[in-house]
Amino acid sequence: MSNRPDPALPWETSQRRNGARRGAVEWWHDAVCYQVYLRSFADGNGDGVGDLAGLRRRLPYLSELGVDAVWVNLWYPSPMADGGYDITDYRDIDPLFGSLPEARTLIEEIHTLGLRILIDLVPNHTSSQHPWFGEALAGGPGCVERNRYIFRPGRGSDGDLPPNNWRSVFGGSAWSRAVEPDGMPEEWYLHLFTPEQPDLNWNNAEVHREFESVLRFWFDHGVDGFRIDVAHAMSKAPGLPDLGPADIELIGSAAHPDHPHWDREGIHEIFRGWRAVADSYAEPRMFVAEACARNSERLSRYVRPAELHTAFNFDYLTSPWRAAQMRTAIDKSLTTMAAVGAPTAWVLSNHDVVRHLTRYGRPQAEGPVHDLADHLLAGPFDLELGTRRARAAALLTLALPGCAYLYQGEELGLWEVEDLPDEALQDPIWQRSGHTNRGRDGCRVPMPWSGDTPPFGFSPDHAGSDPWLPQPQQWERLTAQVQQDDEQSMLELYRRALHIRRAHPALGKGALLWDPTTGPGVLAFTRPPGFQCIVNFRPDALRLPDHDGVLLSSVPLDSGRLPGDAAVWLTR
Ligand code: NOJ
């Protein structure tokens, strides 16, 4: 079968590269981390929302898949104005998901399986229902509690204009006006996301102390690392100057040289403080930044030796399925990260972007796509082509030097659900865009595990509630149960690739050498010792170079030729 390795490869029996599993120092250099979007992973109590009980039950699946770490998205108490990125208590678990004792049990179970656990840290904003924000409102203008957030008087004679022209990432002004209990409008507060997510004031030492204490709280509970939410946002320009025309155009891309609230110098001091906290633990702890910087050199500043450990490579994620653009993203990242001694964190999908299988199943842009919502409904979607390319992309990603992040469901070949009914949509982007942008719910639809009708084993049998987002009936073909042991399935391709990656001495950390003889539309590189990856982005088949064996291929080879939109791992 196409994706079976040659038997009896000498390194396979030795399980050589077990480094990413617990016990290894600097495990983040080559770990494969699996992102669990908790609300949509597995529902243990039948309320239609994923939870810790469901995740605990599915841990053997993750272990057998062959990942090294699990990033558990948002479990904190939250009114869920933005899917949980609006936190009311950074030291507890939302009852919707479970309890703190259950989280402790989960952490232990993950460690017992030899895996690591990462969780989210959301430092740019709290929920507007966080006790601090309540105190800030109650205390009135000028009170010390208000200085934990960014309050300002309005402009105009009545103060009824926002303090500046900053825009919320989700649409509309980034300012909302507070009101006194008697209904009198007073100061405005900043929220770069929804009004329910007020921005914290990182010029206040109390905010620094609080977050360092939160880090210690979870490190003391055994958490191995944090994914830092909008790591490029905490520092704001003194005086909060208006955005210039170029800044407004590029909102969200952080591409302007002196943006007043993205990617500013001030954030690095915060990270140096956090690194000292992480380094104070005997067992290694790490951070991965969700940071948008204006270029890869700027991004590499987040992962300098005394700062964070890794940062998602969004240039790779936003590249169209084209050899030249992919190669540029790979080269730039490897060069800039190597200059500061950090690994690249490869990623193709997450809970904020259109699933890559769907992106790749559409006509491809010429250059990087900054707003991935542009992929939604942009041109006809070819499921077969998207799946074929997603299979090849998995082999490319897992063959690159560094660590990799998988988003739940990509190993099942899930696509973006683009036809969710309007009334099902929950992402605040839908409301705030005036119903012009359908938001990110399409990549957050609950996982199909088994059976032939929704909820496909996501919730227990006879659950009281439907899944919080409806699953397409066609996912009956994609359940983990159906794909298990089907050698042609996406799930078996991922399992096989992860197994080889863990065992092969060339994979994970190490060098990448491009093959200088390949033509346009092909990426080919060797990883010493003895490993070669070839990806054919062209529609026509490619004759393979001399090799000793085929480790894995994304589609069956055709008499020594690699078909179009396919990838192969060779020994040579
Ligand atoms: C990035 C998160 O991934 C996204 O889901 C969230 O809406 C924003 N940050 C705001 O916290």
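We count ligands from 1, going down the list as the structure has it; atoms in each ligand are counted the same way.
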Centroid-centroid distance, Phe217 to Tyr90, less than 6.0 Å:
no
I want to confirm something. Looking only at heavy atoms, which of Asp82, Asp427, Asn350 is nearest to atom 10 (C) of ligand 1?
Asp82
Is the ring centre of Trp449 less than 6.0 Å from the ring centre of Phe41?
yes
Those atoms of ligand 1 less than 4.0 Å from some heavy atom in Phe193:
8 (C), 10 (C)
From Leu192, Val122, Asp352, Asn124 - option closest to atom 5 (O) of ligand 1 by heavy atom:
Asp352
Per-residue contact class, Phe170 against ligand 1 - non-hydrogen pairs under 4.0 Å:
side chain
Main-chain N/O of Leu240 paired with Asn164 side-chain donor or acceptor, under 3.5 Å
yes
Would Tyr405 and Asn313 count as having a side-chain donor-acceptor pair, cut-off 3.5 Å?
no
Give the numbers and elements of all ligand 1 atoms closer than 4.0 Å to a heavy atom of Glu290.
1 (C), 3 (O)
Least distance between heavy atoms, Asp352 atom then Arg444 atom:
OD1-NH2, 3.2 Å
Near Arg440 (heavy-atom distance under 4.0 Å), the atoms of ligand 1 are 4 (C), 5 (O), 6 (C), 7 (O)
Polar side chain donor-acceptor pair, Asp120 to Trp71, under 3.5 angstrom
yes
Which of the atoms of ligand 1 are close to His125, meaning less than 4.0 Å from one of its heavy atoms?
10 (C), 11 (O)
Which of the numbered atoms in ligand 1 are below 4.0 angstrom from a heavy atom of Arg227?
1 (C), 2 (C), 3 (O)
Exam field: side chain Asn201 to backbone Asn147, donor-acceptor pair closer than 3.5 Å:
yes
Short list, please: which atoms of ligand 1 are under 4.0 Å from a heavy atom of Arg444?
5 (O)
What is the nearest protein non-hydrogen atom to atom 9 (N) of ligand 1, stated with its residue, atom name and distance?
Asp229 OD1, 2.8 Å
